[in-house]
Amino acid sequence: MKLDYDVLSNATSFLDAASDRCLDLRDLKIPKVENLAVTKDTNDTIDLTNNDIPVLSAADFPPMLRLTTLLLSNNRYLQNLAFPQLTTTHLIHSIAAIDAKLHKQLPNIHSLILSNNHLQELGDLNPLEGFSKLIRLALVGNPVCAKKNYRLWVIFKCPSVRVLDFRRVKDAEREAANALFSGSKQANALASETASKTSTFTPGDGIPAATKQVVKPHMGPSPEEAARIKAAIDSAGSLEEVARLKRQLEGGSVPAAKKR
């Protein structure tokens with residue numbers, strides 16, 4: 001669903017338990033953040049949970065000085081493009097990159113929830129250091145969380161964060177993070193190496209290449225196989241038959257030739 005004037009005008013806006021004004025844009029299958037200038041920066045919280053947003057680009061956000069909380073969990077949509085070609089293509093629509101200039105548009109963010117998305121490399125988290133007022137950050141459920149020194153890297157890059165992945169940051173963790181990534185030539189080299197490991201992303205390009213996973217068992221059906229597939233589709237007499245044919249093709253099996 002396109003995030004246009006009508007959607008934004010009809011979206012529910014309410015006071016939450018903390019008396020913050022929250023704009024509810026959950027579960028709308030929104031593929032791109034846009035047109036938020038329509039809201040006139042009247043919300044403390046915007047909830048974009050459970051949508052199909054692939055990238056957080058600064059160009060998609062107007063300056064929003066009031067906004068303090070951004071909820072972006074579960075922006076993951078896996079599309080299988082296996083039918084009718086006999087190839088398997090999985091396209092992940094998910095937040096996989098954050099624009100390094102995003103903090104300039106949202107300077108007062110103190111809570112950022114990005115759970116269950118597709119951030120992959122520690123270097124992909126570098127833009128978060130620009131959010132100088134960030135207190136609560138959630139990244140649990142992203143592939144990056146499995147990287148070595150993930151938690152210490154985030155603590156090092158975002159010293160204002162007090163709660164990371166719903167766990168309070170301890171003083172001992174801050175000391176460990178600073179010792180690991182600063183203070184010595186070896187530590188500085190490690191920090192530089194870690195920061196350089198990023199997924200490919202250019203603002204405005206849309207879905208980063210790293211989120212596209214393509215597996216091609218072979219080059220596709222032969223002309224004879226294609227003719228058999230077309231004949232099977234044309235002869236399908238019910239939705240059940242179409243569904244069965246789709247499952248058969250997705251499994252890499254071609255309908256048998258009809259006996260004369």
Side-chain angles (χ1 to χ4, degrees), residues 1-28 30-75 94-117 119 123-140 142 154-166 168-169 195 201-206:
M1 178 182 292
K2 182 179 175 64
L3 189 57
D4 57 17
Y5 176 83
D6 289 337
V7 172
L8 288 165
S9 298
N10 293 315
T12 301
S13 181
F14 62 94
L15 290 178
D16 62 17
S19 296
D20 288 338
R21 174 64 60 181
C22 179
L23 181 64
D24 185 1
L25 298 172
R26 297 171 63 100
D27 302 308
L28 297 177
I30 296 167
K32 176 182 172 63
V33 177
E34 55 189 334
N35 298 316
L36 286 180
V38 170
T39 67
K40 299 181 179 180
D41 195 19
T42 57
N43 297 285
D44 305 289
T45 300
I46 294 181
D47 189 350
L48 286 159
T49 303
N50 295 334
N51 284 294
D52 299 339
I53 301 165
V55 170
L56 296 180
S57 176
D60 296 337
F61 289 84
M64 306 185 81
L65 302 182
R66 178 171 174 175
L67 190 67
T68 58
T69 299
L70 198 52
L71 308 178
L72 288 155
S73 295
N74 300 319
N75 271 273
S94 173
I95 295 176
I98 303 170
D99 194 334
K101 296 180 181 180
L102 182 62
H103 68 278
K104 294 182 179 181
Q105 304 298 95
L106 312 174
N108 295 315
I109 291 291
H110 62 61
S111 295
L112 183 58
I113 309 301
L114 285 161
S115 306
N116 298 324
N117 284 296
L119 295 163
D124 294 336
L125 307 181
N126 294 341
L128 296 176
E129 67 180 328
F131 292 94
S132 60
K133 298 182 181 181
L134 191 59
I135 297 175
R136 286 175 288 276
L137 174 64
L139 297 164
V140 63
N142 285 268
V154 176
I155 292 170
F156 174 71
K157 298 296 286 185
C158 305
S160 63
V161 170
R162 300 176 190 172
V163 179
L164 174 60
D165 293 339
F166 311 106
R168 182 168 293 278
V169 175
F201 169 58
T202 300
D205 279 356

**Student:** Locate the shortest heavy-atom distance separating S57 from F61; write the atom from each residue and the value.
**Tutor:** O-CD1, 3.4 Å
**Student:** Can you tell me which residue among N108, T42, I46, N43 is in a side-chain contact (heavy atoms from CB on, under 4.5 Å) with M64?
**Tutor:** I46
**Student:** To the nearest 0.5 angstrom, please state how far the CG atom of D27 sits from the CE atom of M1.
**Tutor:** 10.5 Å
**Student:** I'd like to check the salt bridge (charged side-chain N to carboxylate O under 4.0 Å, His left out) partners of R21; sequence neighbours left out, ordered by chain and number.
**Tutor:** none
**Student:** Flag the pair L8 / L3 as yes when at least one side-chain heavy-atom distance between them is below 4.5 Å, and no otherwise.
**Tutor:** yes
**Student:** Would you mind listing every salt bridge (Lys or Arg N to Asp or Glu O under 4.0 Å) that reaches into residues 2-11, with sequence neighbours excluded?
**Tutor:** K2-E34
**Student:** Got more than 12 heavy atoms from elsewhere within 6.0 Å of CZ, F14?
**Tutor:** yes
**Student:** Could you please spell out the steps behind the side chain to side chain contact (heavy atoms under 4.5 Å, CB included) verdict for F131 and L106?
**Tutor:** CA-CA 8 Å; F131 292 94; L106 312 174; 4.2 Å; yes
**Student:** Which atom names give the shortest non-hydrogen contact between T69 and L71, and what distance separates them?
**Tutor:** CG2-CD2, 3.7 Å
**Student:** Which heavy atom of N75 sits nearest to which heavy atom of I53, and what is that distance?
**Tutor:** OD1-N, 3.1 Å
**Student:** Rounded to the nearest 0.5 Å, how far does CG of L112 lie from CG of L56?
**Tutor:** 7.5 Å
**Student:** How many angstroms lie between CG in L67 and NE2 in H110, if you round to the nearest 0.5 Å?
**Tutor:** 9.0 Å
**Student:** Mind checking the OG1-CD1 spacing from T45 to I109? Nearest 0.5 Å is all I need.
**Tutor:** 8.5 Å
**Student:** Considering non-hydrogen atoms only, spot the tightest contact between P127 and G123 and give its length.
**Tutor:** CD-O, 4.2 Å
**Student:** When you measure from the side chain of D124 to the backbone of L119, do you find a donor-acceptor pair of N or O atoms at a distance under 3.5 Å?
**Tutor:** no
**Student:** Could you tell me which residues satisfy salt bridge (charged side-chain N to carboxylate O under 4.0 Å, His left out) with D165, sequence neighbours excluded, listed by chain and number?
**Tutor:** none
**Student:** Got a sec, which residues hit salt bridge (charged side-chain N to carboxylate O under 4.0 Å, His left out) with K133, two or more places apart in sequence or on another chain?
**Tutor:** none
**Student:** Using the test salt bridge (charged side-chain N to carboxylate O under 4.0 Å, His left out), find all partners of D24 that sit at least two apart in sequence or belong to another chain.
**Tutor:** none
**Student:** To the closest 0.5 Å, what do you measure between CG (N74) and CG (L48)?
**Tutor:** 12.5 Å
**Student:** Using the rule side-chain contact (heavy atoms from CB on, under 4.5 Å), only one of L28, V33, L72 pairs with N51; which is it?
**Tutor:** L28
**Student:** For the pair N116 (side chain) and S73 (backbone), establish whether a donor and an acceptor sit closer than 3.5 Å, ignoring hydrogens and angles.
**Tutor:** no
**Student:** Whether the side chain of D47 engages the backbone of C22 through a donor-acceptor N/O pair (distance < 3.5 Å, no angle test) should be reported.
**Tutor:** no
**Student:** I'd like to know if the side chain of S160 reaches the main chain of L134, judged simply by a donor and an acceptor atom lying under 3.5 Å from each other, with no hydrogens or angles considered.
**Tutor:** yes
**Student:** How close do A58 and Q105 get, counting heavy atoms only, and between which atoms?
**Tutor:** O-CG, 3.6 Å
**Student:** Are any of the side-chain heavy atoms of T68 and S111 separated by less than 4.5 Å?
**Tutor:** no
**Student:** For residues 57-67, which residue pairs qualify under salt bridge (Lys or Arg N to Asp or Glu O under 4.0 Å), counting only residues two or more places apart or in two chains?
**Tutor:** K32-D60, D44-R66
**Student:** Please report the interatomic distance CG(L25) to CG(L36), rounded to the nearest 0.5 Å.
**Tutor:** 7.5 Å
**Student:** Taking side chain as C-beta onward, heavy atoms only, is L139 less than 4.5 Å from L128?
**Tutor:** yes
**Student:** Minimum heavy-atom separation for P54 and P31, please, with both atom names.
**Tutor:** CD-O, 3.1 Å
